Amino acid sequence: MADRDNLLSVKDLIIRFQLRQGALTAVNRVSFDLAKGERLGLVGESGAGKSVTGFGILNLISKPGRITHGSIRFEGRELTQMSEEEMRRIRGNRISMIFQDPMMTLNPVLTIGTQMVETLLAHKPISRREATEIALDRINRVSISSPQKRLEQYPHEFSGGMRQRIVIAIALLTSPALIIADEPTTALDVTIQADILELLLHLCDTEKTGLILITHDLAVVSQVTERIAVMYAGTIVETGATGQIIRNPQHPYTQGLLAALPQNVPAGGRLKQIPGVMPGPSRIPAGCPFNTRCALCEEVCRTVQPPLEPKQAGCLAACHLLN
Amino acid sequence: MNTWRKMQQSYFLHSFLRDPLAVGSLFILLLLVIASFGAPLIAPHNPYDTTTIDILDSELPPIWLEKSDSRFLLGTDSQGRDMLSTMLYGMRVSIIIGLGAVFLQAVMGILIGLVAGYKGKRLDAFLMRLADVQLSFSTYMVAIFFGALFQAAFGMGMYEEFAIPLLIFIIGFAEWPQYARTVRASVMAEKKKEYVEAARVIGLRPGRIMWRHILPNTLTSVLVISTVQVANAIMSEAALSFIGLGMPVTRPSLGSLIKAGFDYIFSGSWWITLFPGLALVLLILSVNLLGDWLRDFLNPKLYKE
Amino acid sequence: MPRKTLISIQNVVKHFDISGGWLDQLKFSGGRLVRRKTVVRAVNDVSLDIEQGETLSVVGESGCGKSTLARTVMRLYPPDSGQVLYRGQRIDNLSSSDMKTYRTRMQMVFQDPYASLNPRMSVRQILEEPIRFLRGTLRRDEIQEAVAAIMLQVGVDPDWRDRYPHEFSGGQRQRISIARALAVDPEFIVADEPIAALDVSIQAQILNLMMDLQQERGLTYMFISHDLSVVKHISSRVAVMYLGTVCELARAGTVFQSPRHPYTQALLSAIPRLGEQGFRHERLKGDVPTPIQLPSGCVFHGRCRYADGRCVKEIPRLRQVDEQTMTACHAVEEGRI
Ligand SMILES: Nc1ncnc2c1ncn2[C@@H]1O[C@H](COP(=O)(O)OP(=O)(O)O)[C@@H](O)[C@H]1O
Ligand SMILES: Nc1ncnc2c1ncn2[C@@H]1O[C@H](COP(=O)(O)OP(=O)(O)O)[C@@H](O)[C@H]1O
Ligand code: SF4
Ligand SMILES: [Mg+2]
Ligand SMILES: [Mg+2]
């Protein structure tokens, strides 16, 4: 990939939490690239380290946690080296974040309009008038009717789906280069989920905004993103083009995950299950983190951690048994 | 189970030992409790034994002052009783009343809170209004009422005899609503949880569900307020004694000692009031500090992995 | 020959009064003080039969009344009107002691594996309690054997019986929850979103377990879920709920292939599709109305593209439209869809 196309480049990122019982490695040598306007899906079971990775990119890991290693280059600048002041100018401006709970973003005691205008004024040298114009435009774009009136309403006057739309409108305010959406539709019903994801997809597409969609739902990711990175126990075990990974997964974990979906089995038949559970950060085994559940596990898997490297099928995977 | 228990206990211990304030409080509290309950063995004199008291020894200062008597380390009170011994015995009375009253409060409050929270609706409204009414009568009014009632019925002599159980009853009765409210709040939170519904699906009776399923899950909050309540009960007793509604001077508690000494402050015998006062402050402070630590420890936010 | 009906839900209505105390009910309206109750109309006139040995799934979006219906069937809530029959016997008005015999036949599995097990009881205590209470004739060693057997059957090592719930993972807790339900040897199990809180790889384990148990024990399930691909996999019939009413009831294969009710069509079109780029779902206008102020006529009319004057006025009844399907929709009945 030519460097000028590159928006974000994460290399060997390690994030650890220093707890009373010792240090936990929540994210272990995660590397991936994102081109301008590209949509990447970060999938995995809960506790795999997806959210921590997302927060890590924004340098938002809170106290007991810390980025202990690695680099995050965004638009040619190294984020891990930045001061808090410089980071603030990037957060909510060049990179926006959308959470599962819209109330993480929305302030319950301020009107939607005030929040949007304040956000704009904080990042852009424009007048209040211009800011209001932009806010109206963004509310319009997330398909909310009578935007003028909506700006004067408070978050509690909206339904869950509407709130998430407003959060997306806020995320779009400063025309960011990258949106990180952490399970944006997990709390919503399927009909609303489809609306919201379609909107997100459409907006990222038309504005050429990069997207990192964090979710546990493979089907969702397959509908929205161009590339997928599958996370397991703090590491990326496989990454590649979405269609290819869904159709032809290489890593035993990805294979197991897809095979476990009811969609892939005739109705009423036995589902293919992966035995056991994903180990928490304090119990990750030596060697390949998946070795406790892998049917193909060999001696080398128990001792050497496989690197994420190109495989014949065209993806990158971290498995000794693939070549 | 055992390994986890051990881990939890060691974690409990670990976080306790890392907090010097908590360790210090426990140390002082243990010291005070052991000294006061060991009073018959430790104390140099027996303040309850009138034959050993000589009125000529009255108002002697502590030994580091002039005109003191080496027999009385902290001096004597207006009746010639050894201050140190009287204080130790008095602290024992205070602690017994505090614990007894809290036990009574807890039994009443937990039962009422449990029933109110679980049954809800009318019964809940009734019991909680009852609690409001109870709280709006201060402890002093309850004390005046029952104290007067008792003295009228049985006379002053009997009162001195039964002062401790009577005070336990008064303070326990006056302050059960604190427990009832706390327990009710956590019962209301617990009864929404699915394990309670699971118990109902089995068909268990309400009594068993309350006792076996809900109550054990409210005990952490009960434990936390118990520390506050013990301190409060000891304070209440001291306050009642101070205004003359509590322990008689012949069987003094810390409160009645402070009161007894108060009359002599201006004649220069400050020690009669100061030492019991210091002991009371130390006792209350150590209980409260331990309670604070316990509350922080049990706070579920800090309790996670 | 149709199979035997095990559970029959007839015209069940369940409302919740959430207006609080008497004082909270006072409102100013048109310059006058009036007393008004706020009532959530969670389940409105629902009728369903559950056949022996089948898995009837109830689907619908959150707040549509699935859990309330399930709890009414389990007699955790008394219905406001209507009745619930078990093998033809009315059970919604039984006293708790008469209900006891039915408690061994019908059990429930809950959604939240973290809240559905009492944190202060060991697995042994959790599993022994229903056995002791409902199968009181067993001796001590028989109870212990039963507990071990049931743990083995749900795939939890019986050596862990003295552990407490927090020592288990979410999937294992759900197994223990299932074991508790099975401990009294029931024939009917209501499972309220039993896999919603679990990860995909664990979901498969629990679904397999439930299907195996159904085969081994001939269980009948009322399976509640909002995950439609799971429902498609496990159910024999599906009831689709919207705002407290059943709008479509059909065989699973039929409903997923040719949904009839406009809401079902929209709902099914919105299922995330693995391996498909982009979206082709049918967009519904507006939001779900609140169950406090139910729309008149068909509860779906405000969002329905087939709605007409009749839909605003008249409540559509659940009617047989063909051999496989019942719907509650005027347009379907009139042949407009
Ligand atoms: N504040 C924290 N303190 C301690 N550990 C944490 C904290 N946040 C996350 N972790 C650990 O990091 C791991 C990954 O968490 P997360 O990224 O939230 O997972 P997910 O993939 O579900 O988003 C978890 O297993 C958790 O134990
Ligand atoms: N105990 C209750 N008290 C008051 N309202 C309730 C209660 N249980 C459910 N509701 C309301 O009834 C409606 C249906 O809820 P529920 O049956 O839980 O829906 P579902 O399970 O389909 O998500 C919701 O609007 C909910 O707020
Ligand atoms: S009855 Fe009318 S409003 Fe309701 S679903 Fe059918 S067509 Fe739509
Ligand atoms: Mg997360
Ligand atoms: Mg529910």
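Just so it is clear, the structure is predicted and the values come from calculations on it, not from any experiment. Each chain gets a letter, A, B and so on, in the order its sequence line appears, and its residues count up from 1.
Ranked by non-hydrogen atom pairs under 4.5 Å with chain C, the options Pro266(A), Gly268(A), Ala260(A) are led by Gly268(A). Most heavy-atom pairs under 4.5 Å with chain C, from the set Gly160(A), Ala219(A), Gly256(A): that is Ala219(A). In terms of non-hydrogen atom pairs under 4.5 Å with chain A, the most contact-rich of Gly253(C), Gly63(C), Pro272(C) is Pro272(C).
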Compile the donor-acceptor pairs, distance criterion under 3.5 Å only, formed between chain C and chain A.
from, atom 1, to, atom 2, distance (Å)
Glu61(C), OE2, Thr191(A), OG1, 2.5
Ser62(C), N, Asp189(A), OD1, 3.0
Ser62(C), N, Asp189(A), OD2, 3.4
Ser62(C), OG, Asp189(A), OD2, 3.3
Asp199(C), OD1, Ser46(A), N, 3.1
Asp199(C), OD2, Ser46(A), N, 3.3
Asp199(C), OD2, Ser46(A), OG, 3.1
Ser201(C), OG, Glu45(A), OE1, 3.4
Ser201(C), OG, Glu45(A), OE2, 3.4
Ser201(C), OG, Arg293(A), NH2, 3.0
Gln205(C), NE2, Ile274(A), O, 2.5
Gln205(C), NE2, Gly276(A), O, 3.1
Asn208(C), OD1, Leu271(A), N, 2.7
Asn208(C), ND2, Leu271(A), O, 2.6
Asn208(C), ND2, Gln273(A), OE1, 2.8
Asp212(C), OD1, Arg270(A), NH1, 2.8
Asp212(C), OD2, Arg270(A), NH1, 2.6
His233(C), O, Gly268(A), N, 2.9
His233(C), NE2, Gly269(A), O, 2.7
Arg273(C), N, Gln223(A), OE1, 3.2
Arg273(C), O, Ser222(A), OG, 3.2
Gly275(C), N, Ser222(A), OG, 2.8
Gln277(C), NE2, Ser222(A), O, 3.4
Gln277(C), NE2, Thr225(A), O, 2.7
Gly278(C), N, Gln223(A), O, 2.9
Gly278(C), O, Gln223(A), NE2, 3.1
His281(C), NE2, Asp195(A), OD1, 2.6
Arg283(C), NE, Glu198(A), OE1, 2.9
Arg283(C), NH2, Glu198(A), OE1, 3.4
Arg283(C), NH2, Glu198(A), OE2, 3.1
Asp287(C), OD2, Ser159(A), OG, 3.0

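Heavy atoms closer than 4.5 Å to chain C are found in both the backbone and the side chain of Leu218(A). For Leu271(A), the parts sitting under 4.5 Å from any heavy atom of chain C are the backbone and the side chain alike. For a residue to count as touching a neighbouring chain, one of its non-hydrogen atoms must lie under 4.5 Å from one of that chain's; by this rule Leu258(A) touches chain C with the side chain only. Contact annotation for Leu198(C): neither backbone nor side-chain heavy atoms come within less than 4.5 Å of a heavy atom of chain A. Neither the backbone nor the side chain of Met278(A) has a heavy atom closer than 4.5 Å to any heavy atom of chain C. Contact of Val265(A) with chain C is made through backbone and side chain together, with heavy-atom distances under 4.5 Å.
Taking CG of Leu197(A) as the start and CZ of Phe279(C) as the end, the distance is 4.5 Å to the nearest 0.5 Å. Interatomic distance, CD1 of Ile246(A) versus CG of Leu274(C), reported as 4.5 Å (0.5 Å rounding).
Contact check for Val277(A) versus Ile202(C): side-chain heavy atoms found under the 4.5 Å cut-off.
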